[in-house]
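Since the structure comes first, as structure tokens, the remarks are kept for the end.
Sequence lines set the chain letters: A, B, ... in the order given, protein chains first and strands last, and positions in each chain run from 1. Keep in mind it's a predicted model, so treat the numbers as computed, not measured. The basis for the numbers below is simple: all heavy atoms, side chains too, and nothing from hydrogens, waters or symmetry mates.
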Amino acid sequence: MNQALEIAKAVRAGERLASEVLEEHLDRIAAADGALHCFLEVSQDQARAQAARIDAAVVAGEDPGPLAGVPVALKDNFCTKGVPTTCASRILRGWVPPYDATVVGRLRAAGAVMVGKTNMDEFAMGSSTEHSAEGPTRNPYDTDRVPGGSSGGSAAAVAARLAPLALGSDTGGSIRQPAALCGVVGVKPTYGLVSRYGLVAFASSLDQIGPFATSVRDAAATLEVIAGADPADSTCLERQAPSLVAVVDQGVQGMRVGLAKELIDGASPEVRKAVEAAADALASAGAVVEEVSVEACRWGLSAYYLIAPAEASSNLARYDGVRYGLRMPAADVEAMNTATRSAGFGDEVKRRIMLGTFALSAGYYDAYYGQAQRVRTLVLEAFAAAYGSFDVLLGATAPATAFQLGAKMADPMQMYLSDVFTIPSNLAGHPAMSVPWGVGADGLPIGVQVLAPALGEEAMFRVAAAIEEASPPLAAPELVPSEVPHGR
Amino acid sequence: MIGPVPDAISRDDVIHVARLARLSLTDQEVDRFTRHLGDILTHASDVASLDLAGVTPTAHPLPLVNVLRPDVVVPSLDRQEVLAAAPAVEDERFMVPRILGEQA
């Protein structure tokens with residue numbers, strides 16, 4: 001069911017009030033979020049004002065837009081004017097941005113109602129949302145499990161129906177991996193399709209913003225709203241948003257689908273089976289499915305964990321206690337910088353800053369960062385070769401279903417392996433999305449990943465819609481009411 | 001050119017990069033980070049040891065070019081709003097402790 005588009009349709013037609021839709025969702029947040037901890041901030045006052053504006057517009061005979069009255073949750077690394085933006089870090093606790101990210105303005109202009117800011121791994125560095133300074137988010141399907149990460153709060157909020165839509169950011173899989181673990185649709189668009197203005201930077205050549213939704217069509221509608229050129233982001237492509245909702249039902253007859261060996265090898269048997277079942281379904285729907293090897297993807301993980309920390313070590317230099325955020329008292333400015341950063345950053349952020357600083361340092365630059373950049377070229381060439389024969393590629397999103405809280409916290413390398421199938425698309429700047437395909441033996445959701453070449457969103461969404469159509473049913477999670485009310 | 005790949009990162013290396021990154025670490029943290037960074041760099045040795053002579057490095061997925069806007073004045077952020085977020089302010093400026101080496 002297209003929850004978001006059905007709400008928008010009813011609100012635009014005057015059949016439902018945006019204010020009623022909002023209160024229903026605020027009630028759900030109050031009832032369930034004490035147990036799940038999806039939200040760091042519930043912005044009910046701003047949300048009520050926006051919903052009232054939507055309702056007034058409908059009464060006045062105006063069209064409030066394609067997402068009229070749809071509640072949307074935003075990862076806490078999007079700048080929101082007047083609403084705290086912390087990146088789940090002590091160093092930004094309480095910071096209130098003086099401006100909105102471009103995507104925030106576009107959602108509002110489309111009639112969406114921002115309900116709050118969601119939990120994440122600190123500065124988007126992590127795969128479980130456990131590296132949040134505010135404590136972890138829990139998987140709505142099993143609260144002893146992680147929701148994935150780093151956009152775990154957004155994924156869990158949509159899975160638990162606390163909001164029909166959410167936005168996240170994806171640097172190495174941070175939208176797709178939690179979408180897979182929480183049983184929702186998650187999209188990483190082509191690099192440059194969506195403006196990053198107002199997204200707190202992690203690794204600027206890899207970061208991209210994208211939607212979470214409970215259906216492929218809702219995700220398509222959201223991407224149409226947020227995509228498109230923006231003079232405030234010089235890496236944003238000079239092109240109009242693609243038409244995606246119009247194409248999702250076109251089917252896959254004659255499309256060429258490559259089952260990517262390197263994006264399945266190493267997955268658990270049940271995840272592999274899910275990807276193969278999705279491939280069979282596409283073949284039954286008329287696609288031509290063949291196996292393909294994209295060998296350079298094998299080195300993607302290593303290259304990523306040199307490139308992303310290198311860029312992060314530079315981007316996070318701005319947290320120096322001078323202009324915003326935490327400042328620890330000290331006698332001189334360098335001691336203040338050091339004391340502030342040491343107290344303000346968590347372990348994972350420190351680890352990546354040091355790893356990046358090391359990879360860029362004299363004597364190691366060429367062996368690590370330089371080599372990683374050359375591997376990035378190999379990944380691009382391998383994809384280019386594959387897309388010579390195929391319209392899209394198919395693989396697993398995550399190697400397995402959601403793991404137990406705490407299971408990978410002591411061993412960073414094990415945590416990083418969660419991203420092994422999602423990273424190559426970031427290195428290439430290509431679009432990719434995760435679509436749910438039933439559950440594993442433990443009852444937890446499995447995600448199938450559809451990858452496409454740069455600006456191949458139309459083909460990607462068509463294939464995703466066909467997978468969704470054929471997928472085994474996935475029931476919404478049963479929510480455990482919170483003992484401690486939250487957010488109201 | 002492919003340099004020799006170090007087996008792992010040393011304690012002294014970790015102390016050095018922490019200083020460059022303006023992070024102070026306890027002895028226990030130095031031990032822990034040395035182990036973790038060593039694990040990651042050992043995993044990355046598959047990349048470091050590849051023979052990629054002649055492969056052009058890719059820094060960015062897009063062919064980046066300068067993007068220019070018309071040279072006209074547009075509104076910028078409100079000064080008071082920006083300064084309100086600062087830890088310390090004096091005379092409409094960010095205030096910091098003394099700079100190293102300067103007379104107090």
Please state whether the side chain, the backbone, both or neither of [X] comes within less than 4.5 Å of a heavy atom of chain B.
X       : result
A359(A) : neither
T377(A) : both
L316(A) : neither
L301(A) : side chain
A203(A) : neither
T340(A) : neither
W95(A)  : side chain
L237(A) : side chain
Y369(A) : neither

In terms of heavy-atom pairs under 4.5 Å with chain A, the winner among H36(B), R22(B), M95(B) is R22(B)
In terms of heavy-atom pairs under 4.5 Å with chain A, the winner among L83(B), L20(B), D46(B), V17(B) is V17(B)
Is the backbone N or O of A21(B) less than 3.5 Å from a side-chain atom of R341(A), with the two atoms forming a donor-acceptor pair by type? yes
Pairwise side-chain contact, [X] with [Y], heavy-atom cut-off 4.5 Å (strictly under):
X       : Y       : value
P231(A) : R69(B)  : no
R374(A) : L50(B)  : no
M354(A) : L25(B)  : yes
P61(B)  : R376(A) : yes
L378(A) : L52(B)  : yes

Which value, rounded to the nearest 0.5 Å, describes the distance between [X] atom [atom1] and [Y] atom [atom2]?
X       : Y       : atom1 : atom2 : answer
D13(B)  : T357(A) : CG    : OG1   : 12.5 Å
L41(B)  : Y364(A) : CG    : OH    : 9.5 Å
Y305(A) : H43(B)  : OH    : NE2   : 10.5 Å
L427(A) : T58(B)  : CG    : OG1   : 9.5 Å
Q414(A) : D39(B)  : CD    : CG    : 10.0 Å
Q371(A) : D51(B)  : CD    : CG    : 8.5 Å

Can you see which heavy atom on [X] is nearest to which on [Y], and at what distance?
X       : Y      : value
S302(A) : V47(B) : CB-CG2, 3.3 Å
V322(A) : P87(B) : O-CD, 3.3 Å
E311(A) : A59(B) : OE2-O, 4.3 Å

With a cut-off of 6.0 Å (strictly less than), are more than 12 heavy atoms of other residues, nucleotides or ligands near CZ of R239(A)? no
Is the number of heavy atoms from other residues, nucleotides or ligands within 6.0 Å of CZ (R19(B)) greater than 12? no
Interface residue of largest heavy-atom contact number with chain B, from S234(A), A454(A), A428(A), under 4.5 Å: S234(A)
Check each atom of L23(B) against the heavy atoms of chain A and say whether the ones under 4.5 Å are side chain, backbone, both or neither. both
Which bit of V55(B) comes within less than 4.5 Å of chain A, counting heavy atoms only: side chain, backbone, both or neither? both
Run the salt-bridge test on R32(B) and D347(A) with the 4.0 Å N-O cut-off and return the result as yes or no. yes
List the steps, then state whether side-chain contact (heavy atoms from CB on, under 4.5 Å) holds for F358(A) with L37(B). CA-CA 10 Å; F358(A) 182 73; L37(B) 296 187; 5.8 Å; no
Donor on one side chain, acceptor on other, S24(B) and S342(A), under 3.5 Å: yes
S205(A) versus H60(B), side-chain donor and acceptor atoms under 3.5 Å: no
Worked check of side-chain contact (heavy atoms from CB on, under 4.5 Å) between L306(A) and I40(B): CA-CA 9 Å; L306(A) 296 169; I40(B) 299 160; 6.0 Å; no
